[in-house]
Amino acid sequence: MTLTTAKRFTIEEYHRLIELGFFAEGDRTELIQGEAIQMVPKGKPHAVCCMNLNEQLILRVSGQGKIRCQDPITLPNHSEPEPDFTLVQNREDNYLSHHPMPDDILLVIEIADSSLDYDRQVKLPLYAEAGISDYWIVNLLEKQLEIYTTPYQKSTGTFDYRQKQVKLPNETTTIPGVEGVSWELNRIFPAISP
């Protein structure tokens with residue numbers, strides 16, 4: 001019996017495949033630990049939450065950082081995920097020279113319904129390994145915001161976050177790296193009126 005393994009790509013090889021049109025127009029892929037992964041299509045609740053969250057972030061972050069929506073970030077572990085939202089530091093070149101890297105990132109947000117296990121089991125350790133200090137999962141299934149902070153490496157060699165806090169839609173939270181801003185979470189969950 002012969003075992004085969006998937007071809008793993010470097011970030012440069014992945015960019016070259018994109019330039020060559022290897023992926024069909026409209027394909028949503030991201031590079032995760034060297035593998036090109038097809039992203040799950042978004043349902044209506046995900047799309048509505050994304051719209052709500054985008055509006056709330058723009059209102060609250062203006063001038064204090066840049067909001068990137070479903071755009072790549074470059075991580076050192078052969079990964080270039082495309083989180084639903086990334087809050088990054090302002091840069092003079094507006095990230096034309098390269099995608100944001102861990103030192104540029106203030107917050108990563110994933111919106112999760114069918115992707116919840118993936119966002120917890122694959123993306124969470126990926127972001128922790130890259131040293132991203134703040135990772136949020138907008139959990140649409142349980143209608144809660146999961147806030148992960150303080151990445152660390154376990155004795156097993158895997159990565160995780162030391163602190164997890166759960167916020168409910170009737171609560172408020174602050175945005176890392178943004179001074180003096182708090183907001184009501186009921187404004188982002190699709191099934192709850194603001």
Side-chain angles (χ1 to χ4, degrees), residues 1-15 28-40 46 49 53 57 65 67-68 70-89 91 95 98-169 171-178 182 185 188:
M1 179 177 176
T2 305
L3 295 177
T4 58
T5 57
K7 163 71 174 137
R8 298 211 181 258
F9 300 101
T10 66
I11 289 174
E12 293 76 21
E13 290 170 334
Y14 179 66
H15 287 182
R28 295 192 63 233
T29 60
E30 57 186 357
L31 188 67
I32 304 296
Q33 296 179 326
E35 289 187 53
I37 305 291
Q38 185 80 31
M39 296 169 70
V40 178
H46 187 291
C49 183
L53 191 52
L57 287 170
I67 302 160
R68 294 172 57 94
Q70 299 171 345
D71 292 324
I73 59 174
T74 301
L75 305 181
N77 44 17
H78 301 293
S79 297
E80 203 166 82
E82 297 185 14
D84 287 304
F85 289 94
T86 310
L87 176 58
V88 297
Q89 296 177 24
R91 281 183 37 147
Y95 296 96
H98 60 77
H99 296 307
M101 296 180 178
D103 288 345
D104 303 310
I105 297 170
L106 303 171
L107 172 65
V108 169
I109 305 172
E110 295 285 4
I111 300 169
D113 41 22
S114 61
S115 66
L116 183 60
D117 288 341
Y118 185 74
D119 291 333
R120 284 179 178 160
Q121 296 166 14
V122 175
K123 293 268 188 97
L124 185 146
L126 185 76
Y127 297 142
E129 181 180 357
I132 293 172
S133 61
D134 292 272
Y135 173 47
W136 290 2
I137 297 176
V138 180
N139 180 339
L140 296 178
L141 299 179
E142 299 171 285
K143 295 203 177 17
Q144 64 188 29
L145 173 64
E146 300 174 8
I147 299 172
Y148 297 91
T149 58
T150 318
Y152 79 107
Q153 185 173 14
K154 297 178 181 181
S155 61
T156 59
T158 59
F159 292 84
D160 202 347
Y161 285 89
R162 292 173 59 98
Q163 298 176 348
K164 174 186 175 183
Q165 183 180 22
V166 173
K167 295 272 191 170
L168 301 176
E171 297 180 310
T172 61
T173 194
T174 58
I175 302 171
V178 179
S182 66
L185 294 175
I188 63 170

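For the pair Lys167 (side chain) and Thr172 (backbone), a donor-acceptor distance under 3.5 Å is present. Under the 3.5 Å distance criterion, the side-chain polar atoms of His46 are matched with a main-chain donor or acceptor of Ile111. Side-chain atoms of Gln89 come within 3.5 Å of backbone N or O of Asp103 as a donor-acceptor pair.
Partners of Asp71 under the side-chain contact (heavy atoms from CB on, under 4.5 Å) rule, at least two apart in sequence or in another chain, are Arg68. Scored by the side chain to side chain donor-acceptor pair (under 3.5 Å) test, Tyr127 finds Glu110 as partners (sequence neighbours excluded). Residues that satisfy the side chain to side chain donor-acceptor pair (under 3.5 Å) test with Thr158, not counting sequence neighbours, are Thr156. Among residues two or more places apart in sequence or in another chain, the salt bridge (Lys or Arg N to Asp or Glu O under 4.0 Å) test is passed with Glu129 by none. Ser133 meets the side-chain contact (heavy atoms from CB on, under 4.5 Å) test with no other residue; sequence neighbours excluded. For Tyr152, the side-chain contact (heavy atoms from CB on, under 4.5 Å) partners at least two apart in sequence or on another chain are Lys154, Asp160, Arg162. A search for side chain to side chain donor-acceptor pair (under 3.5 Å) contacts involving Ser79 returns Asn77, not counting sequence neighbours. Considering only residues two or more places apart in sequence or on other chains, Glu142 meets the side-chain contact (heavy atoms from CB on, under 4.5 Å) condition with Leu116, Arg120, Asn139, Gln144, Glu146. Checked against side chain to side chain donor-acceptor pair (under 3.5 Å), Gln70 has the following partners two or more places apart in sequence or in another chain: Lys42, Asp84.
The ring pair (Phe, Tyr, Trp, His ring centres under 6.0 Å) pairs that include a residue from residues 104-125 number zero, where partners must be two or more places apart or lie in different chains.
Across all their heavy atoms, Ile132 and Tyr161 have their closest contact at O-OH, 2.7 Å. For the residue pair Glu80 and Pro72, the shortest heavy atom distance occurs at CG-CB, 3.7 Å. Contact detail for Tyr135 and Leu107: the closest heavy-atom pair is N-CD1, 4.4 Å.
Between His98 and Thr74 the shortest side-chain heavy-atom distance does not fall below 4.5 Å.
Checked options Ile109, Leu106, Val108; the residue passing with Thr86 is Val108 (criterion: side-chain contact (heavy atoms from CB on, under 4.5 Å)).
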